[in-house]
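Worksheet: the structure to be examined is printed underneath.
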Amino acid sequence: MSAPVRFGIVGTGFMARVHAHAVRAAGGVVTRVAGSSPARAEQFAPLLQAQRPAASVGELVACPDVDVVSVCTPNHLHLPMAERALHAGKHVVCEKPLALTPADAERLTALAAEVGRVHAVPFVYRFYPTVREARERIARGDAGRLWLLHGAYLQDWLAAAAATNWRVDPAQGGASRAFADIGVHWCDLMEFVTGHRITALNASTARAHETRGGEPVATEDGACVLFRTDRGALGSVVVSQVSPGRKNGLTFSFDGTEASYGFDQENPETLRIGGVAEERVVRRDPELLSPAAARYAVLPAGHPQGYQDCFNAFVADVIAAVRGCEVIGLPTFTDGLRAARVTAAVVEAAATGSWVELPA
Ligand code: 4PW
């Protein structure tokens with residue numbers, strides 16, 4: 001048996017915890033953790049069950065006992081941290097956005113390709129078995145011609161006017177907040193499941209709160225995006241971080257001339273398949289799913305899988321890629337670059353009110 005793949009995690013927040021759990025669940029080991037200070041790394045190493053703290057990112061990327069660096073810092077640090085890790089010869093998992101501009105994301109993606117290391121971005125909703133099932137059925141033509149692609153991604157963790165976070169500050173989070181943070185997940189999922197690519201979009205953004213904690217806010221609380229795809233479909237997505245009661249409400253309906261496919265991230269054990277004469281609900285039952293979807297169904301039907309399971313499956317695929325296996329559907333820096341381009345198009349469209357074209 002080969003030795004476990006060793007991860008160094010940069011960051012100590014919520015996402016770092018999710019990454020650390022996933023590494024262990026996937027059979028890897030967290031050897032190091034670095035935070036914003038040596039003291040923070042010391043404090044969080046036991047919580048993340050890391051073997052040792054690293055005094056700095058420089059120390060972590062130089063550690064011979066780190067094979068993969070997971071970047072889970074605030075957004076503006078993703079690019080420099082990922083660059084350092086790649087230059088040190090490490091494989092890299094980087095949270096989105098890869099960078100605050102498409103040009104920087106492009107530079108990072110080119111560097112990752114040049115050094116020939118595994119690079120991945122956790123677009124983890126791809127790893128729900130029901131999502132894979134929709135992808136399989138759509139790919140084999142069951143939907144007919146997909147013509148309307150719509151949905152939403154709604155949260156409420158910024159509902160209170162007093163609620164704030166580094167993501168609210170464009171210097172740390174980027175010019176877009178709600179769309180860059182969660183809208184990109186929806187767009188990635190839509191393109192992954194349907195095979196369609198957005199080629200033009202228009203967008204409008206809004207704020208529920210003009211100030212937070214007494215400070216003026218420059219980033220959006222929500223966005224409505226209208227788009228067209230390379231295969232002639234029309235689509236829309238509503239994104240919000242101020243929708244009281246909606247916790248992680250990523251939903252989609254992909255409507256074809258023969259069938260529509262409906263998914264809800266808060267109820268991910270089922271996939272709704274609508275037909276004119278009947279509606280079917282497909283359970284996440286490994287016995288009944290297509291092989292490509294059953295691969296991600298780790299528990300028997302009736303034993304719910306959720307968000308963390310998607311992350312675990314994502315990291316398991318990263319480990320497989322590090323071991324040289326070919327993995328279908330691993331979201332890479334190329335997908336992170338795509339998200340940066342879609343985000344920039346949303347920002348431009350919201351500022352100008354005009355349609356913005358995107359390369360497919
Ligand atoms: O990537 C997203 C995050 O930034 C996540 O999938 C959910 O929304 C959880 O936290 C935020």
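We count ligands from 1, going down the list as the structure has it; atoms in each ligand are counted the same way.
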TODO: Indicate, as side chain, backbone, both or neither, the part of W157 found under 4.0 angstrom from ligand 1 when only non-hydrogen atoms are considered.
DONE: neither

TODO: Looking only at protein heavy atoms, identify the closest one to atom 4 (O) of ligand 1 and say how far it is in Å.
DONE: D181 OD1, 2.5 Å

Open item on the list: For atom 10 (O) of ligand 1, what is the closest protein heavy atom, and at what distance to 0.1 Å?
Closed with: F14 CE2, 3.9 Å

Task: R272 NZ/CZ over Y261 ring centroid, <6.0 Å and within 45° of normal - done: no

Open item on the list: Can you classify the ring geometry of F123 versus H185 as parallel (below 30°), tilted (30 to 60°) or perpendicular (above 60°)?
Closed with: perpendicular

- [ ] With heavy atoms under 4.0 Å as the rule, classify the contact between H185 and ligand 1 as side chain, backbone, both or neither.
- [x] side chain

Task: salt bridge (charged side-chain N to carboxylate O under 4.0 Å, His left out) partner of D221, the single match among R207, R167, R177 - done: R177

- [ ] Determine the sole option in R338, R126, K96, R341 for which the salt bridge (charged side-chain N to carboxylate O under 4.0 Å, His left out) test with D188 is passed.
- [x] R126

Open item on the list: Tell me if the centroids of the rings in F263 and Y125 come within less than 6.0 Å of each other.
Closed with: no

Open item on the list: Less than 4.0 Å is my threshold; does some heavy atom of R167 fall inside it relative to ligand 1?
Closed with: yes

TODO: With heavy atoms only and a cut-off of under 4.0 Å, state how I182 meets ligand 1: side chain, backbone, both or neither.
DONE: side chain

TODO: Would you check whether Y125 has a nitrogen or oxygen atom less than 3.5 angstrom from a nitrogen or oxygen atom of ligand 1?
DONE: yes

Open item on the list: Within the supplied structure, the quantity of interest is the number of heavy atoms (other residues, nucleotides, ligands) at a distance under 6.0 Å from E210 CD; does it exceed 12?
Closed with: yes

- [ ] Say whether F123 and ligand 1 are in contact under the criterion: heavy-atom distance to a ligand atom below 4.0 Å.
- [x] no

Open item on the list: Students should be able to answer this: which protein heavy-atom is nearest to atom 8 (O) of ligand 1, and at what distance?
Closed with: Q155 NE2, 2.9 Å

Open item on the list: Are the side chains of V5 and V68 in contact, using a 4.5 Å heavy-atom criterion?
Closed with: yes

